[in-house]
Amino acid sequence: MEIPKTYNPKDYEDKIYQNWDKKGLFNPDKLKGKPYSIMMPPPNVTGVLHLGHALENSVMDVMARYQRMLGKKVLLLPGTDHAAVATQAKVEKILIEKGHANPREEFGREKLLEKIRKYSEESKATIIKQIKKMGTSCDWSRLAYTFDEKRGTAVNEIFKKMYKDGLIYRGYRVINWSVKGQSTCSDDELVHLERPARLYTFKYAADFPITIASTRPETKLGDTAVAVHPDDARYKKYIGQTFEVDFCGNKLNLKIISDPEVDPEFGTGALGVTPAHSPIDFEMYQKQKAASQPINLIAVIGSDGKMTNEAGAEFSGLSVEKAREKVIEKLKKQKLFIKEEDITQSVGTSDRFGDVVEAVPMTQWFVDVNKKIPGKKLSLKQLMKQAVKSGHKGKAKNKINITPKNFEKIYFQWIDNLRDWCISRQVWWGHRIPVWYKKGTEVVMIRHGQSVNNEKKVLNSDVTRTEFGLTEKGKKQVKSAAAELKNEQFDLIIHSPFTRTKETAHILSKELKISKILEDDRLREYGMGEFEGKPDGSLSKLRKGNFNEWQKSNPFGVESFEQVNGRITEFLDEIKKKYPYKRLLIVTHGESFRYTRGYGKGLSNKDTFTLGYPNNAEYNWFKLKEDEIKVSEKEVKGSGWIQDEDTLDTWFSAGLWTFSTLGWPKKTKDLKKFHPTNWMQMGYEILFFWMARMILMTTYALDTIPFKDVYIHGMLRDDKGQKFSKSAGNGVDPIEIADKFGTDALRWSLLIGISPGNDSRFSDEKVEGARNLVNKLWNISRYILTSAEENKRDSEEGSRGEKKRKTKRANTATLADKWILSRFSKLKQEMGRLLDGYSFSQAGELLREFTWGEFADWYLEISKAEGNKDQLLNSILKDLLKLWHPYVPFVTEAIYQEIKKSKKQENNDWLMISEWPKVEKKYIDEKVEKEFENVREVITKIRNLRSEYKVDPGKKISVSIKGDALGDNEKAVMALARIEKINYVKSKPDKAAGAVVGNMEIYLPLADLLDFDKEKERLEKEKQSLEKYISGLEKKLGNQEFVKNAPEQVVAVEKKKLSEGKEKLNKINAQLGDLV
RNA sequence: GGACGCUUAGCUCAGUUGGUUAGAGCGCAUCGUUGACGUCGAUGAGGUCAGUGGUUCGACUCCACUAGCGUCCACCA
């Protein structure tokens, strides 16, 4: 039979993978046994897979294949992650590099999404190809994607559930804002960087008693309080007071508050509180609010990263850096500046966009981790902790185990620091927040522009006097108001029956393209009775302070408060009912406007007058009816519904992975069968992002754990210990490596030398070594297969004069046979134990040591001497291939198929689903192993002597042995040590170099070659080390405490070692004596 | 500032509950056309297990401290 001398992966890999797939071996439905599931951590579609993914794939595939061979119905479910922000950031970056400076603005939502979709689909295709190339045995029929329809259903469902349980809320809070990405980031997505900063010490104003320090003086424009430690003697007297100060031209109302968090030692011991631009200060703001001692919140930095109007006219529109300079400059000028010092400061940067995030108050969606879940008595935080600590619902069988265990501690620490999770993002790529709003009835009420009677300062409430239209100035005023409203949508305009309002309405209608215009008399000007045509102000002067009297007697025929308020209220009540969810533009007069400001508030006449009288063409928004919110698309009926613009944090959907992949919220068979999953593995860098969220979502929604065991692998670094990254230029495509050395070699090199939770290094040399190993395995098999075939042919041909190299032996087991069986049984036992404990590297090393170091180097060589071991060799090979299969699936399957071919069997039997070898304890025999060790030592010692004395390796020599005879093992010794004859002697021969093995003294006759000095030196050296060994043992055994306290067994072993050592020493001494 | 790791042969790393004359791979040195494999074989050199102290009959292994390196978390304005 023809088997190539070296294993060429390319001839087998793709073909074998396709065959496995075609035969449905990846699909658990076609397997029998207990379900066992592993969900693949879905790679981001931000690009292609790197070696770290290859490591991950290898680890989980070893586990999947091992479990499958143990006879389980294994599901390894593949998938990919849309990676929301990461993918959008990536595609935008590419577009920017191509010259599209602002992709969002240029392309708009739909077009940009289309581009990202295209990119992600390409990535996905490559990723899938790569996973296949790695030999990963996953079920492609269940391929999932976090952003496909089924996963979307799961996302919406869980969002709805959490919203209804009050665990998801929308709130106005300080969040992390990436100006560059124009989106929020959650706390965990921040990358903290140490960077030099400057701490400035200064006073807000000369008349303010407290000095403060800040690295961000420009934010101080938004300060509303100063916090001090409650026990700080310096400031105690001020606590509770409010100071109005002029800070860089801005009026600040600073309340002195106390907070135990303030460190009196740092800076000046007083902290300027900026609730809008610092999470801690925001907490103080909330604390104060809760204590009914509220302080204000003023946002001086906008979402564009520039100073807002609130920062004052001088600063508005400046970048924060410019504003900072300006503040410092001003403080210096005003002699308020005290000092500046250099410090290092840790700043949070967006991990995807890279810019320093700004703390900005905004309305966003959050997951409340501290609220008790209805009907559960626990918060999400507590659920997350419980699952890892004592087990979900406190049951030990529901405990999630993390390997290595120390990560459990890190996890708890993280949970303890966990704050509400901001889940809304302003990027477009991702699950749109499943919330629909229907805008309530909104009214923009606008006063008419300047009219002729305004200009002439004449009062007019007589609708028939049509000469009082708009002046030119009035028309301009209206047009400029229209310009401000140009982005708003209105359903209709309603105006009063006066000429000035009619004209205003028509300008607005034209400018804002509102076609529907109605007139309503209830919006008319205040009835002024006898004051009609009188100078402006005559009425109001008189009216001042006379409300009550007018209401009673109304001497001038002026409309009463009740009358005006009554008709306006009636009008507003009516349109609220008549135009739900519409936006109306209402053109009216000053008085009606004023009354609208008090609408629904039950104000008195007097109160109403404090609401302010609007200028010409001034407008205001009024909400007559609140917005409506629905969290289910099914409930959204009729028109006017708008979905929330924001998208969800990618980890929101990733958190559902273990069950969304199985069809949840449908009660599928898969869900019942494969959930909770058995095993999960991931890198420690996503422990919090992902594992924590999966635990959160699963314990909450499914009332169970997502997985039983989590295996944490370390990060893969390059040969210099650097992280693999594109920017460092050391990124490697796993496919390239696999092409060069074979997938099996790549897998092996990634799996060996790793330990859970620890980083490992990758180098070409490692893969090269692995390639050699794979080839060794190939050749071991090749030898066994071809020699068996030859032997078979030989025996068929009989002894027709053909040179038969080996004589046939009786089929009884030799010591070597028993030895290899004992060793092999032990290997199976140990491998099972190690694999069950996720010690993939250790199990692999044992396997290599046995295969190469024991089976190939010793047993195979002996088999050549002892002959006729085809059956045993074949049976060991078959089991050996199985043990190797999880690590190197391709070469083992390839050999297995060669075996099938050689036996002319059909290819319907696959190593991949063969049964994992059972441990045969009956073969384990310590005595045999010990005996064989002796034989092995005899061979080694002879080789050693030959090497020392430079005996030609090819030359066959004879040796003399004093002591025990080798018996049946002679053949092995003679072949492996290149001996032609063994003489058993009673005394040491002349001119011979000697060695001691157990009860045997071995002599290599050297005649004139023997160098007495060298021999003496050699023996002396051995003697010395032996003496040291013996004295150590004697000391140990001479210690009564040891003999008394150590286990009997241990003492017995030490005693035996001592007596054997002494015996050996005697013999060496004798040999030394003979030398002289 | 807090927490967690790591430090074992020239390099990369194993070492499970404390009992080994401390291991592997690569590299190095010497040698080698042996019924598969030079992607091989034989032999060998190479380590006071970071340091100090402790617990113990016994410590690479457990504890404490120190030093160096690394990682994660964090609201020192």
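Only a predicted model underlies this, so the values are computations on that prediction, with no experimental measurement involved. Note on naming: letters A, B, ... go to the chains in the order of the sequence lines (proteins, then strands), and numbering restarts at 1 for each one.
As rounded to the nearest Å, B/A64 and B/U17 have C1' atoms that lie 22 Å from one another. A distance of about 11 Å separates the P atoms of B/U7 and B/C62, rounded to the whole Å. The gap from the C1' atom of B/C63 to that of B/C11 amounts to 32 Å, rounded to the nearest Å.
Here B/A77 is the nucleotide among B/C75, B/U39, B/A77 with the atom lying nearest to any side-chain atom of A/Phe266. Of the candidates B/A24, B/U21, B/C75, B/U21 carries the atom nearest the A/Lys1057 side chain, counting heavy atoms from C-beta on. If you check B/C40, B/C4, B/A42 against the side chain of A/Trp852, the one that comes closest is B/C40. Checking B/U16, B/U39, B/A45 against every side-chain atom of A/Asn772, the shortest atom distance belongs to B/U39. Distances from the side chain of A/Pro1047 to the nucleotides B/G19, B/G25, B/U39 place B/G19 closest. In this structure, of B/A14, B/A36, B/C57, it is B/A36 that holds the atom nearest to the side chain of A/Ala856. Side-chain proximity of A/Thr215 to the nucleotides B/A77, B/A42, B/U20 is greatest for B/A77. Listed nucleotides B/C75, B/U12, B/U21 differ in distance to A/Lys766; the shortest reach to its side chain belongs to B/U12. Among the nucleotides B/A14, B/C37, B/C57, the one closest to the side chain of A/Asn779 is B/C37.
Positionally, the nearest nucleotide of RNA chain B for A/Gly753 lies more toward the 5' end than for the other of A/Asp187 and A/Gly753. If A/Arg978 and A/Glu194 are placed on RNA chain B by their nearest nucleotide, the residue sitting closer to the 5' end is A/Arg978.
When heavy atoms are screened at a 4.0 angstrom cut-off, A/Phe688 is found touching the sugar-phosphate backbone but no base atom. Note on A/Pro953: only backbone sugar-phosphate atoms sit closer than 4.0 angstrom, heavy atoms only; bases stay farther off. Among the protein residues, A/Thr940 comes within range of the sugar-phosphate backbone only, with heavy atoms under 4.0 Å from sugar or phosphate atoms but none that close to a base. Residue contacts for A/Lys1044: at a heavy-atom cut-off of 4.0 Å it reaches no nucleic acid atom on any strand shown. Among the atoms of the strands shown, only primed sugar atoms or phosphate atoms (P, OP1, OP2) are found under 4.0 Å from some heavy atom of A/Ile410. A/Asp281 comes within 4.0 angstrom of nothing in the nucleic acid, heavy atoms only. As judged by a 4.0 angstrom heavy-atom cut-off over every strand, A/Gln413 is placed among the base-contacting residues. Residue contacts for A/Arg833: at a heavy-atom cut-off of 4.0 Å it reaches a base atom on one of the strands shown.
Helical stems in RNA chain B, defined as runs of 3 or more consecutive Watson-Crick or G-U wobble pairs with both donor-acceptor distances under 3.5 Å, are listed by first residue as B:1-7 with B:67-73, B:10-13 with B:23-26, B:28-32 with B:40-44, B:50-54 with B:62-66.
Centroid-to-centroid, the aromatic rings of A/Phe247 and A/Tyr204 come within less than 6.0 Å.
The heavy-atom pair separating A/Ala276 from A/Val174 by the smallest distance is O-CG2, 3.6 Å.
Note: CZ (A/Arg771) to C1' (B/C40) measures 13 Å, nearest angstrom.
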